[in-house]
There are 2 protein chains.
Amino acid sequence: MHERASAGQTEPRTQSQTQRAASELRRMIVSNELPPGSNYLETELAQMLDMSRTPVREATLMLEAQGLLKVRPRRGVQILSISPDDMEEIYQILTELECLAAERVAEMGADSKTLEPLREATQRMEEALERDDREAWAAADEDFHETLVVLSDNRRLKAIIDTYNDQVRRARALTLYIRPVPNKSNDDHRALIQALEKGDALLARKIHREHRIAAKSLMISLLRKHGFHQV
Amino acid sequence: MHERASAGQTEPRTQSQTQRAASELRRMIVSNELPPGSNYLETELAQMLDMSRTPVREATLMLEAQGLLKVRPRRGVQILSISPDDMEEIYQILTELECLAAERVAEMGADSKTLEPLREATQRMEEALERDDREAWAAADEDFHETLVVLSDNRRLKAIIDTYNDQVRRARALTLYIRPVPNKSNDDHRALIQALEKGDALLARKIHREHRIAAKSLMISLLRKHGFHQV
DNA sequence: GTATATTTTAATGCATACATAAATAAATGC
DNA sequence: GCATTTATTTATGTATGCATTAAAATATAC
């Protein structure tokens with residue numbers, strides 16, 4: 001997830017309107033409440049959020065920097081949609097950066113206890129699959145990937161990956177129920193954990209790379225097959 | 001470089017104060033005019049740029065998203081400094097992403113003409129080295145790396161790499177004259193071009209990875225050796 | 001002299017006002 | 001009826017005002 005709030009040390013205990021606007025708008029965008037392609041005037045958003053235009057403007061500038069929307073001179077802000085080509089771009093980047101994370105975790109010789117959250121997430125994925133609960137599976141899968149990146153101990157890496165995950169969240173939600181049962185993913189995760197335990201950085205990278213490339217191909221072919229040209 | 005200005009299609013022909021503030025501040029930060037660690041009140045920056053606080057505020061939020069400064073509740077904005085550990089984080093990311101770029105260029109089977117700008121930049125690097133002109137060498141080197149990323153045809157990849165290059169630009173300028181003569185870099189570039197021509201993605205990745213890892217090690221050891229704990 | 005409480009100062013966060021210019025509508029010419 | 005010009009509307013970009021509250025300064029207690 002995106003937790004811009006708890007980054008530093010001297011946080012103002014009461015979050016500013018700008019922060020609230022940013023997190024509310026982000027939530028509404030990734031949850032499809034503000035659908036891709038739709039347009040909003042600053043005044044409209046200000047009314048929706050019950051604040052003045054100033055913090056709304058500031059928030060939209062931040063979200064524009066994160067690639068979620070585009071501020072267009074006199075036409076309001078437009079919620080950006082994602083095409084299969086965009087997905088390709090984003091998944092290339094995510095693949096690469098998560099592989100870096102996997103490599104780093106293996107290299108730093110994480111002990112068995114450190115890797116426990118990964119095992120736990122994988123366990124939840126398996127249980128969710130048995131119940132045929134795809135939402136729970138997706139949540140656990142996301143936890144796994146997030147934990148992997150957190151363990152790699154590179155704040156900037158985490159920030160980039162969070163940003164781009166936000167951009168593809170809608171598309172993932174869309175394919176969740178039309179994709180085949182993700183048995184392979186769970187196996188991949190187990191294999192990765194083993195490689196991490198052995199400290200085999202090359203193997204970890206290889207396993208995760210294949211895992212992510214498969215996910216990318218599946219996602220893009222699903223979007224194409226179902227005619228989702230813009231999500 | 002960072003050319004946020006000419007991104008889209010419907011640009012307002014006269015750039016806004018906010019844009020001007022953002023590009024001016026970015027320039028002043030990467031050129032060390034606003035040195036790392038220094039603090040400025042919104043009012044001061046507004047006076048420096050001869051505009052009101054509003055566009056300055058908006059610009060600082062954008063630059064904060066790009067990791068160049070930190071807006072601190074009542075203490076003004078602080079120009080962020082980079083420690084060797086930060087350099088490690090950033091170079092890890094840049095290494096990974098530039099290797100992706102190299103791989104992609106090789107995969108897409110770029111013809112000899114497409115690769116010409118790379119050859120041209122390498123040529124300029126060599127000529128600069130013979131004249132012992134380090135500034136020119138660095139500029140050509142940067143062109144090479146930028147061209148590689150542009151050729152990979154992934155806008156988001158370009159944007160991330162630009163952002164993080166901005167963060168390390170000061171540090172690179174600082175080590176330019178204390179580093180050994182960069183003969184090896186030129187050879188690496190020639191070797192990479194060959195791999196790209198052959199369409200050998202794995203080799204391109206390998207060569208560029210080693211090139212970047214060497215650059216990282218050199219940079220960090222130079223910073224440490226010369227006691228630059230914060231740049 | 002140090003620590004705590006109180007007062008003062010001032011920087012920010014936000015709302016609002018307004019000029020500018022884009023977009024739309026109306027008017028005019030043909 | 002269509003094209004071009006003019007007038008009108010309106011969303012934004014920017015400046016400004018003000019309340020809030022953190023920080024600094026001062027005063028008080030010990």
Side-chain angles (χ1 to χ4, degrees), chain A residues 4-29 34 37-66 68-80, chain B residues 4-29 34 37-66 68-80:
Chain A
R4 291 269 188 278
S6 53
Q9 42 282 45
T10 321
E11 301 300 321
R13 89 265 85 248
T14 170
Q15 74 171 350
S16 72
Q17 297 289 72
T18 301
Q19 312 251 232
R20 194 166 71 77
S23 57
E24 268 296 286
L25 289 176
R26 176 158 43 228
R27 186 191 60 70
M28 292 195 280
I29 292 169
L34 305 180
S38 61
N39 290 87
Y40 305 92
L41 300 179
E42 289 178 0
T43 319
E44 290 179 70
L45 296 176
Q47 256 179 314
M48 288 172 54
L49 299 171
D50 191 34
M51 59 182 69
S52 83
R53 278 175 49 221
T54 306
V56 169
R57 266 183 76 85
E58 292 179 350
T60 58
L61 285 173
M62 304 196 303
L63 296 181
E64 182 173 41
Q66 286 164 39
L68 289 178
L69 52 83
K70 181 151 181 48
V71 176
R72 302 187 310 168
R74 321 236 137 212
R75 331 192 64 192
V77 303
Q78 179 170 55
I79 311 304
L80 289 183
Chain B
R4 288 272 188 279
S6 54
Q9 42 281 48
T10 321
E11 302 299 322
R13 89 262 93 250
T14 170
Q15 74 172 348
S16 71
Q17 297 288 72
T18 302
Q19 313 250 231
R20 194 167 70 79
S23 57
E24 267 297 285
L25 290 176
R26 177 159 42 232
R27 185 191 61 70
M28 291 195 282
I29 293 168
L34 305 181
S38 61
N39 290 87
Y40 305 90
L41 300 179
E42 288 178 1
T43 319
E44 290 179 70
L45 296 177
Q47 256 179 315
M48 288 171 57
L49 299 172
D50 190 34
M51 59 181 71
S52 83
R53 278 174 51 222
T54 305
V56 169
R57 265 183 76 84
E58 293 181 350
T60 57
L61 285 173
M62 303 197 300
L63 296 181
E64 182 174 41
Q66 285 164 40
L68 288 178
L69 52 82
K70 180 150 182 51
V71 177
R72 301 187 312 168
R74 320 232 139 218
R75 331 192 63 193
V77 304
Q78 180 169 53
I79 312 304
L80 288 183

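Chain naming here is simple, since letters A, B, ... match the order of the sequence lines and numbering starts at 1 in each. In this text the structure is predicted, and so the values were computed from the model without any measurement.
For Tyr40(A) and dT12(D), the OH to P distance is 14 Å, given to the nearest whole Å. What separates CZ of Arg20(A) from P of dC14(C) is a distance of 9 Å, to the nearest Å. Protein atom CG of Leu41(B) is 18 Å distant from nucleotide atom P of dT9(C), rounded to whole Å. If you take CD of Glu42(B) and P of dA10(C), they are 17 Å apart, rounded to a whole angstrom. In this structure, Glu64(B) atom CD and dG13(C) atom P are separated by 10 Å, rounded to whole Å. We find that CZ of Arg75(A) is positioned 14 Å from P of dG13(D), with the value rounded to whole Å. Remark: C1' of dT12(C) and CZ of Arg72(B) are 14 Å apart, rounded to the nearest angstrom. Nucleotide dC14(C) holds its P atom 11 Å from the CG atom of Leu61(B), rounded to whole Å.
You'll find a donor-acceptor pair under 3.5 Å spanning the side chain of Arg74(A) and the base of dA11(D), going by distance alone.
The side chain to side chain contact (heavy atoms under 4.5 Å, CB included) search around Thr54(B) returns Ser52(B), Glu58(B), not counting sequence neighbours. By the side chain to side chain contact (heavy atoms under 4.5 Å, CB included) test, Met51(B) is found to be paired with Gln17(B), Arg20(B), Ala21(B), Leu49(B), Pro55(B), Val56(B), residues two or more places apart in sequence or in another chain being considered. Residues meeting the side chain to side chain contact (heavy atoms under 4.5 Å, CB included) test with Gln78(B), sequence neighbours left out: Asn39(B), Arg72(B). Partners of Arg27(A) under the salt bridge (Lys or Arg N to Asp or Glu O under 4.0 Å) rule, at least two apart in sequence or in another chain, are Glu24(A), Glu33(A).
Taking 4.5 Å as the limit, every side-chain heavy atom of Gln66(A) sits out of range of all side-chain heavy atoms of Ile29(A).
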Identify the pairs formed between an N or O of the protein and an N or O of nucleotides 14-16 of chain D at a distance under 3.5 Å, and give each distance.
residue : atom : partner  : partner atom : Å
dT14(D) : OP1  : Gln17(B) : N            : 2.4
dT14(D) : OP2  : Gln17(B) : N            : 3.4
dT14(D) : OP2  : Thr18(B) : N            : 3.4
dT14(D) : OP2  : Thr18(B) : OG1          : 3.2
dA15(D) : OP1  : Ser52(B) : N            : 3.4
dA15(D) : OP2  : Ser52(B) : N            : 2.6
dA15(D) : OP2  : Ser52(B) : OG           : 2.3
dA15(D) : O5'  : Ser52(B) : OG           : 3.2
dA15(D) : N7   : Thr54(B) : OG1          : 2.8
dT16(D) : O4   : Thr54(B) : OG1          : 3.3

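For residues 43-54 of chain A, every residue pair satisfying the salt bridge (Lys or Arg N to Asp or Glu O under 4.0 Å) rule, not counting sequence neighbours, is listed here: Glu42(A)-Arg53(A).
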